[in-house]
Amino acid sequence: MTPAPVIIAIDGRSGAGKTTLAIELAARLRGHHKVSLFHLEDIYPGWNGLTAGIERYVSTVLKPLSRGEQAIWTSWDWEKHYDGDTRVTMPAEIVIVEGVGAAAAEAQPLLSAVVWADSPEDIRRTRALNRDGGTYEPFWDQWAEQEDAWLAGDDVPRRADIRVLNRADGSAPADVLQLLPYLPVLAPALAPELSARRGLNLRAERLEVRPDAARLFERLYGSSANAVWLDSSNAASPPAGESPSTERSRFSILADDGGMFGQAVTHRSGESIIAAGSATAKVTGPFFRWLDTVWGRKAVRTPEGYPGDFTLGWLGTLGYELKRETGGTDVSAPTPDAALIFAGRAVVLDHAEGTVWLLALDSPDAENWLSSSREAVAAAPTFSAEAAPDERAPQAGGSTAVVLPGQMAFSSRDTEQAYKAKIAAAQHEIGEGNSYEICLTTTLSARLPAAAAPPWGTYLALRRRNPAPFASYLRFGGLTVASTSPERFLKITSDGGMRAEPIKGTRRRAADPVRDAQLRHDLATSLKDRAENIMIVDLLRNDLSHFAVPGSVTVSRLCEIESYATVHQLVSTIDARLLPGSPRAEAVAACFPAGSMTGAPKISTMAILDRLEGAPRGIYSGAIGYFSLNGATDLAVAIRTLVITADAGDGSSGGAMAELTLGVGGAITSDSVPDEEYEEIRIKAFGVLSALGAEFPGV
């Protein structure tokens, strides 16, 4: 008797391509494992024998195999329409069982994982009859009725760990194999398959050109359902004399989830849905635990001469409600708790050197992508920092038009009176000793016809009006994130350097230089703002210390002013060294969510915020950035961030609708003045609202 095997069931209706999928998958897995394969079509007792066949399969095949014993079973002779010879299926490290009913309810307790193969009925019928010839055709309807009756009471597709749309183009086996190692129960057995991804070859090409990033992104990824642009939109004119801001703004990353290695994941309330080509997997469990399985260990070498930290990997956003995994309470949000794509190829713009890097994991489709990307870069207009904005991106008539159809009217979750009442309640909590700084927030929202808020044009308007080092445009189907964030949440370099750069303290910009200088001086000399910033610095020193080399946590900048298009900000920098061997996903989780968006102490203050705010924050207050294959990450705090959600309409007008949300907030301390705090959230909202031609609600 051998140890109990891993058993993978491949189920689906007749003609869904299960047999071919199983054979191809077994062949690929045999590179690292001993694999046994069983086909249910060999055991069904005739054309009306689906139910009986499932019973035979479970009792005579699946049960002994699940114990690591050989299965001795009676085959069916389809020509004689009677029982055939006795056969033996040997146990193995991995057993694949395939056929209609392979994952039936009776079989479920004995299975490690279930793959459900989908295919349109016309394709299924053609495929099945081409395979079995005319012998099946007279019985197609009879067998289909049995499938319908079985599935009416046994929802295998809903229970499946992986669903694959089998297009019969040869892509299904590779897509399924990408996802199988993500299933926790299979991860130990499929460790060789996961490890193989850490020896990938990265191809890199350097082009001496400075293309217009917006035009290039649209040319490359304008039609991609899922795409990310980490923009660094103030790269052309960073704040004078601010070298840290210059460092943050050096690179822009453009990518989608296309190609052989492309994947996308969304996580909600403890469940991750991961898509790879034609296949989709459902994985339950904490997000950061899943992230640890796919990121944090160096999988590629940095190309020679390449100056960036991003060497392909995962890009996207983490929502604030992931706090449930880091000490916060469990709150559900209408937007995903995490949404990421895996980019096996990307374009990186180096704004400092005026160059473009094309990065691609070596694969059969890499050369074609490199060639088409070279052409796209060559065809894109050249960026000129000296050119007027209208010359770089025309206001109308071009592909990067930024004129919005009309003014957008936002409403606020809290009236001015209600928000000030919450400020008083926060100060009461502070007075009771339950917190010493509470970062209170509210949400502005607008619902309007989708045509009135085209996501691409809306983002271009935002980046023009309010350029920022961590600007970003993220598209995940009907969800768009348009951010002009100036704040870094956390950076971890491939060699273990750690950095957080919290912002606490804000003043508006003024058109008059004298008044603008006065506002900057007021912020620099404000004891209250300085105290707020120092409290968060102390919190982040503690967060970083959980996975830092002892004694390595330092504050390299404290309460320095950085000026942006619409605001002056008070910024500090905390550095540390990651303890060698530490799990990088856990190091990120130890700092999440950003202390500048919670207050301190973090866990108790998050509970207070749940009570005061009474609603989820969603993507706002979370993070946006990348998790690179060399172990590096760079994440911004999701502030100054517009979230656009498209839907099919509310039924009244029949047209598609869009909901826009903008989170705003500020730190409340015992010294806070409600009028000043309310004015601060208006200032923070101004950069986004003014770009949309909108005003703060109530003005």
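Not measured: the values here are computed from a predicted model. Just so it is clear, the values below take in all heavy atoms, side chains as well, and ignore hydrogens, waters and symmetry mates.
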> After noting the C-alpha distance and the side-chain angles of S445 and E659, does the key distance pass the side chain to side chain donor-acceptor pair (under 3.5 Å) rule?
Replying inline: CA-CA 7 Å; S445 61; E659 182 174 23; 4.8 Å; no
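- T554 and D575 share no donor-acceptor pair across their side chains, judged by distance under 3.5 Å alone.
- Atom NE2 of H546 has more than 12 neighbouring heavy atoms from other residues, nucleotides or ligands inside a 6.0 Å radius.
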> Going through the distances and angles, do E437 and T605 end up as a side chain to side chain donor-acceptor pair (under 3.5 Å)?
Replying inline: CA-CA 8 Å; E437 182 176 3; T605 303; over 6 Å; no
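- Using modelled atom types and a 3.5 Å distance limit, the side chains of D231 and S472 yield no donor-acceptor pair.
- No side-chain N or O of S572 forms a donor-acceptor pair with one of R557 less than 3.5 Å apart.
- In this structure, H351 and F251 have side chains that are not in contact, with every pair of non-hydrogen atoms separated by 4.5 Å or more.
- Heavy atoms of other residues, nucleotides or ligands lying less than 6.0 angstrom from CZ of R541 number 12 at most.
- No side-chain donor from either of D671 and T669 sits under 3.5 Å from a side-chain acceptor of the other.
- A donor-acceptor contact closer than 3.5 angstrom is absent between the side chains of Y221 and N226.
- No more than 12 heavy-atom neighbours from other residues, nucleotides or ligands sit within 6.0 angstrom of CZ on R301.
- With 3.5 Å as the limit, one finds no donor-acceptor pair spanning the side chains of E271 and T284.
- Remark: R289 CZ is loosely packed, at most 12 non-hydrogen atoms of other residues, nucleotides or ligands lying under 6.0 Å away.
- Within the model, atoms OG1 of T326 and CD1 of I603 stand 7.0 Å from one another, a figure rounded to the nearest 0.5 Å.
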> Checking side chain to side chain contact (heavy atoms under 4.5 Å, CB included) for the pair M498/L544: CA distance, chi angles, key distance, verdict?
Replying inline: CA-CA 8 Å; M498 304 173 74; L544 290 173; 3.6 Å; yes
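- In this view, D257 satisfies the salt bridge (charged side-chain N to carboxylate O under 4.0 Å, His left out) rule with no residue, not counting sequence neighbours.
- Using a 4.5 Å heavy-atom threshold, the side chains of L322 and H267 count as touching.
- When ring centroids are compared, Y626 and W314 stay outside the 6.0 Å threshold.
- Side-chain polar atoms of S249 and S232 form no donor-acceptor pair below 3.5 angstrom.
- To the nearest 0.5 Å, atom CE of residue M606 and atom OG of residue S621 are 11.5 Å apart.
- Side-chain contact between I536 and D538 is absent, with no heavy-atom pair separated by less than 4.5 Å.
- For the pair F310 and L315, the minimum side-chain heavy-atom distance is below 4.5 Å.
- With contacts defined as side-chain heavy-atom distances shorter than 4.5 Å, the pair T573/R499 qualifies.
- Side-chain contact check for S670 and Q427: no donor-acceptor pair (N or O, by modelled atom type) lies under 3.5 Å.
- Residues T441 and E613 bring a donor and an acceptor atom of their side chains to less than 3.5 Å of each other.
- Side-chain polar atoms of S628 and N630 form a donor-acceptor pair below 3.5 angstrom.
- For the side chain to side chain contact (heavy atoms under 4.5 Å, CB included) test with V228, the passing option among L474, L340, V481, I253 is L474; the others fail.
- For Y473 and W229, the ring centers sit 6.0 Å or farther from each other.
- Using a 4.5 Å heavy-atom cutoff, the side chains of I619 and Y320 are not in contact.
- For the residue pair Y436/E429, the side-chain donor-acceptor check at 3.5 Å is not satisfied.
- Looking at E487 and E501, their side chains never come closer than 4.5 Å, going by heavy atoms from C-beta outward.
- Contact of the R324 side chain with the T329 side chain is not registered, since no non-hydrogen atoms from C-beta on lie closer than 4.5 Å.
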